[in-house]
Amino acid sequence: MTCVTIAGENAAQLCAGIAAILSPLCQVATACDGQLLLQGDTPDVFLWHSKGDIFVEAPGSLLVFAEPARRAERVEVPGDCIIIADLADEAAASYAVRRGLRLLDCGLSSKATLTFSSIGQDTEVVSLQRSITDAAGRRIEPLDIPLSVKRGPYYPMLAAVGILLLSGVSDRMLRPISR
């Protein structure tokens, strides 16, 4: 199970968006406002969010910043945590460097590690532009992932694909979102 923390003022909205994208692909559990919502067996991904202080002890966890990480000093995560953040979020990048954490940057720029290589009417293609290492230490080489999903805000989609890649999701879980 991969523990994903979503931090920031808009964390609840981002958590709901990511959960909606991931739910058809794998078992997802969410915790919001002190409640744990578990559907089915042991989840593949556990999502929780907070506007306040965050203290995570789960090894191999992921941290997604919902907006610029202005309050990053109130976040404590393990040394093997991987951060997912918008490429434009300089505070998240700075936090990752200060803590010695890996960062998967997402955005609509060719400089982003995870971006869209094409956006069409019915299909979008997410591109992993550089090799990354997932939470289990496996190397993932650059690849393109065609998606056939309803268009929405770009960041929840890129964050969800980042979570799937970093959590070591198998190819069979990516197939339902690809053509």
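Atom set for the values below is all heavy atoms of this structure, side chains included, hydrogens, waters and symmetry mates excluded.
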query = Which residues satisfy the side-chain hydrogen bond (donor to acceptor under 3.5 Å, both in side chains) test with D80, sequence neighbours excluded?
reply = none
Under 3.5 Å donor-acceptor, S167 side chain and I163 backbone = yes
inquiry  = Looking at S110, is its backbone amide N or carbonyl O close enough to the side chain of Q129 to form a donor-acceptor pair, meaning the two atoms are under 3.5 Å apart?
reply    = yes
request  = Measure the spacing between CD1 of I132 and CZ of R138 and express it to the nearest 0.5 Å.
outcome  = 11.5 Å
request  = Under the side-chain hydrogen bond (donor to acceptor under 3.5 Å, both in side chains) rule, collect the residues that match up with S131, sequence neighbours excluded.
outcome  = R139
inquiry  = Measuring from atom CG of L62 to atom CZ of R102, what distance do you get when rounded to the nearest 0.5 angstrom?
reply    = 9.0 Å
task = Of all the heavy-atom pairs spanning A96 and L103, show the shortest one and how long it is.
result = CB-CB, 4.1 Å
In a table with atom names and distances, give each donor-acceptor pair under 3.5 Å that connects a side chain of residues 13-20 to protein atoms at least two apart or in another chain.
none

message = Please give me the minimum heavy-atom distance between I21 and A160, naming the atom from each residue.
response = CG2-CB, 3.6 Å
ask   = Of L87, I84, D89, which is the lone residue that meets side-chain contact (heavy atoms from CB on, under 4.5 Å) with C106?
value = I84
request  = Find the distance between CG (L165) and CG (L104) and round it off to the nearest 0.5 Å.
outcome  = 7.5 Å
key: Results of side-chain hydrogen bond (donor to acceptor under 3.5 Å, both in side chains) for S109 - residues two or more places apart only   = none
note = For T113, the side-chain hydrogen bond (donor to acceptor under 3.5 Å, both in side chains) test, sequence neighbours excluded, returns D105, R130
query = How far does CD1 of I83 sit from CG of L166, to the nearest 0.5 angstrom?
reply = 11.5 Å
inquiry  = Please determine whether side chain to side chain contact (heavy atoms under 4.5 Å, CB included) holds for the pair L108 and Y155, giving the CA-CA distance in whole Å, both sets of side-chain angles, and the decisive distance to 0.1 Å.
reply    = CA-CA 9 Å; L108 297 178; Y155 186 61; over 6 Å; no
query = By side-chain contact (heavy atoms from CB on, under 4.5 Å), which residues pair with S117, not counting sequence neighbours?
reply = V125, S127, D144
Side chain to side chain contact (heavy atoms under 4.5 Å, CB included) between L63 and I82, worked out = CA-CA 6 Å; L63 172 64; I82 304 171; over 6 Å; no
Least distance between heavy atoms, L128 atom then E141 atom = CD2-O, 3.6 Å
ask   = Are Y154 and D86 linked by a side-chain donor-acceptor pair shorter than 3.5 Å?
value = yes
